[in-house]
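Notes follow the structure.
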Amino acid sequence: MTRTIALIDVNNFYVSCERAFNPRLKYQPVVVLSNNDGCVISRSNEAKALGIKMGEPWFKCQAMARQYGVEALSSNYALYADMSNRVMSILADFSPHQEVYSIDECFLELTGFAQKDLIAYGQLMKTRIFKWTGLPVCVGVGATKTLAKIANNIAKKNIKFNGLCNLSNIKHEELNHLLHAMEAGEVWGVGRQLALKLKARGIDTALDLKRADPVYIRQSFGVVMEKIVHELNGTLCIDLEEVAPPRKQILSSRSFGDAVSDYQSLAASITLYMSRAAEKLRGQQSVASVIQVYIRTSPFKLDQAQYSNSMTIPLPTPTDDTRQLVKMALWALKRIYKPHYSYVKAGVSLGDLISKASMPLDFFTSPDSSDRSTALMRTVDRINAKMGRESIKLASEGFDRSWQMKQGNKSPNYTTSWEQILCVKDKAFSF
DNA sequence: TACTCCATATGAT
DNA sequence: CTAACGATCATATGGAGTA
């Protein structure tokens, strides 16, 4: 049976979240910056029109942006995550089969819907999401995830589609016409390098890729690209993943507000990042068998002495206990740390994750002590969930936070903090 | 020879 | 005033080491 899959994607997600709560930002050029106010990661259409590029370092366009009155906001992930949850739960009502693909987009299975109803159904999604959250979305429909992605892309780019594009119902020539107008590099799964490689073989457009010989593609590019070719031809190869599989790796890293050189700051940051990673680990009921710690100077400062190093430590017994994980991480840090360098970033990762339930009993750890660890961690997690992050933390996180990232212009947590909502009220009513 | 392990590259958002 | 360039996940790949 031919399938029908929709891809719903919020337009300029982070900027749109900010606008939903701050109408002053409407019709203005607005950008949202990455952590540490480093790069542009979301742009309003007005900001795009000014030529501000995705991923551009903010300091490079700051002067120009000031000239045009561009609003630049620090990213507020608490707000975006909450808004994302609202959108996803609204969309879940439109189909029993949903794959949450990223913070701002999801696939819905619409197989079996009458073609004549699809557009109206998509329109209903758009209006309902806008009414209930204030966020604008585009809907793309196709026979495969790859085609749904393309449909969404087309809906976003051409105003005449009104934010809605159904490729599952159009004539072959018409589809081919649209694919011909699209570069191969814009197809989902084809990045810069692969686009170059394709171009070298005479495959320039999405239509060229669709018409390429799958056998040849498999030989020169591998299975992944072959699947893309099939998907472009309407044969489903990449199915919906409704239940998110547990992560195989958990990473926590951050750039510092200002470079640091002292061991103490690095140790504090590593403790914090490992604590975060361990929370995530317990959240998905896994234990880690390997940890990695790394620190590095800025690769962009070519005039400065460079140093970057990492250490990977296999754990004797897999664990999810923050205390053990931090202990090992600091042990590793001590070994790779060298004084006198200007470090700009540190991070940890947890690897070889296995389900906690399937973990074999360890000969050297008594079941009793392992139960106590689990109970303690669960209690800490619950207290922190209820009373706020870091209500309970390890002392090695320290109290001096001078190294923490810059967030010069962050909006209030409109949806997750009463205190900050009240603060907004005061502002709004002080004429 | 075939597999595992590891670092690196690439892609997505 | 100055200096200022993200985070997190997945998979592919190729070489080195190993059974």
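Chain letters run A, B, ... following the sequence lines, proteins first and then strands; every chain starts at 1.
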For the pair made of CG in A/L302 and C1' in C/dC5, what is the distance, rounded to whole Å?
-> 12 Å
Sub-3.5 Å pairs of nitrogen or oxygen atoms, protein against nucleotides 13-19 of chain C:
none

Give me the residues of residues 54-70 of chain A where at least one heavy atom lies under 4.0 Å from an atom of DNA chain C, by number, or none.
-> A/P57, A/F59, A/K60, A/Q62
Check nucleotides 10-13 of chain B against the protein and report each pair of N or O atoms closer than 3.5 Å, with its distance, or say if there are none.
unit_1	atom_1	unit_2	atom_2	d
B/dG11	OP1	A/Q193	N	3.1
B/dG11	OP1	A/L194	N	2.6
B/dG11	OP2	A/R192	N	3.4
B/dG11	OP2	A/Q193	N	3.1
B/dA12	OP1	A/G189	N	2.8
B/dA12	OP1	A/V190	N	2.9
B/dA12	OP1	A/V190	O	3.2
B/dT13	OP1	A/K149	NZ	2.3
B/dT13	O3'	A/S102	OG	3.0
B/dT13	O3'	A/D104	OD1	3.2
B/dT13	O3'	A/E105	OE2	3.3

Is there side-chain contact between A/V40 and A/K53, with at least one heavy-atom pair below 4.5 Å?
-> no
Gap between atoms NZ and C1', on A/K227 and C/dT11 respectively (whole Å) = 11 Å
Indicate whether OP1 or OP2 belonging to C/dA7 is found under 4.0 Å from a side-chain N or O atom of A/S34.
-> no
Donor-acceptor pair, A/N153 side chain versus A/K149 backbone, under 3.5 Å?
-> no
Please tell me if the side chains of A/R254 and A/K345 come closer than 4.5 Å, counting only heavy atoms from C-beta onward.
-> no
Is it the case that more than 12 heavy atoms not belonging to A/R201 sit under 6.0 Å from its CZ atom?
-> yes
May I ask you to say what A/T312 touches in the nucleic acid, namely base, sugar-phosphate or nothing, with a heavy-atom cut-off under 4.0 Å?
-> nothing
Taking atom P of C/dT8 as reference, at what distance in whole Å does atom OH of A/Y14 sit?
-> 11 Å
What interatomic distance, in whole Å, is found between C1' of C/dG6 and the corresponding atom of B/dA12?
-> 14 Å
Distance check: side-chain N/O of A/S253 vs OP1/OP2 of C/dG6, anything under 4.0 Å?
-> no
Taking only residues two or more places apart in sequence or in another chain, which ones pass side chain to side chain donor-acceptor pair (under 3.5 Å) with A/S275?
-> none
Candidate pair A/K126 and A/N162, rule side chain to side chain donor-acceptor pair (under 3.5 Å), full reasoning = CA-CA 10 Å; A/K126 273 170 56 85; A/N162 196 23; 4.9 Å; no
Atom CG of A/N36 and atom P of C/dA3 are separated, to the nearest Å, by 17 Å
Which pairs count as salt bridge (Lys or Arg N to Asp or Glu O under 4.0 Å) when at least one residue sits in residues 315-330 of chain A, sequence neighbours excluded?
-> A/D320-A/K356, A/D321-A/R323
Shortest non-hydrogen contact from A/R19 toward A/K26 | NE-CA, 3.8 Å
When the ring planes of A/Y273 and A/F256 are compared, do they come out parallel, tilted or perpendicular, using 30° and 60° as the limits?
-> parallel
From the list A/E99, A/E109, A/E231, salt bridge (charged side-chain N to carboxylate O under 4.0 Å, His left out) with A/K145 holds only for A/E99
Answer yes or no: is there a side-chain heavy-atom contact under 4.5 Å between A/I228 and A/L209?
-> yes
Going by number, which of residues 325-346 of chain A have a non-hydrogen atom under 4.0 Å from DNA chain C?
-> A/K345
Please identify each residue that fulfils salt bridge (charged side-chain N to carboxylate O under 4.0 Å, His left out) with A/D258, with sequence neighbours left out.
-> A/K406
Test item: A/S102 and A/E105 side chains (from C-beta on) under 4.5 Å apart, heavy atoms | yes
Those residues that, when tested against A/T416, pass side chain to side chain donor-acceptor pair (under 3.5 Å) (two or more places apart) = none
For A/L33 and C/dA3, give me the distance from atom CG to atom P, rounded to whole Å.
-> 20 Å
Which residue, A/S255 or A/V223, contacts DNA chain C at a nucleotide closer to its 5' end, judged by nearest heavy atom?
-> A/S255
Figure out the CZ/C1' separation between A/F300 and C/dC5, and round it to whole Å.
-> 4 Å
Mark yes or no for whether A/T297, through its side chain, and A/Y307, through its backbone, hold a donor-acceptor pair below 3.5 Å.
-> yes
Min side-chain heavy-atom separation A/K338-A/N309 under 4.5 Å = no
Within residues 256-294 of chain A, the residues having a heavy atom closer than 4.0 Å to DNA chain C are A/K280
Check the distance between C/dC5's P and A/K406's NZ and give it to me in whole angstrom.
-> 8 Å
Check: A/M377 and A/T322 side chains under 4.5 Å, non-hydrogen atoms = yes
Scan the side chains in residues 237-251 of chain A for donor-acceptor partners under 3.5 Å anywhere in the protein, sequence neighbours excluded, and list what turns up.
unit_1	atom_1	unit_2	atom_2	d
A/D239	OD1	A/R3	NH2	2.7
A/E242	OE1	A/H97	ND1	3.0
A/E242	OE2	A/H97	ND1	2.9

Not counting sequence neighbours, list each pair that qualifies as a ring-ring contact (aromatic ring centres under 6.0 Å, His included) and has a residue in residues 58-89 of chain A.
-> A/Y14-A/Y77, A/Y14-A/Y80, A/Y77-A/Y80
Mind running a 4.0 Å heavy-atom check of residues 229-251 of chain A against DNA chain C and sending the residues that fall below it, in number order?
-> A/R247, A/K248, A/Q249, A/I250, A/L251
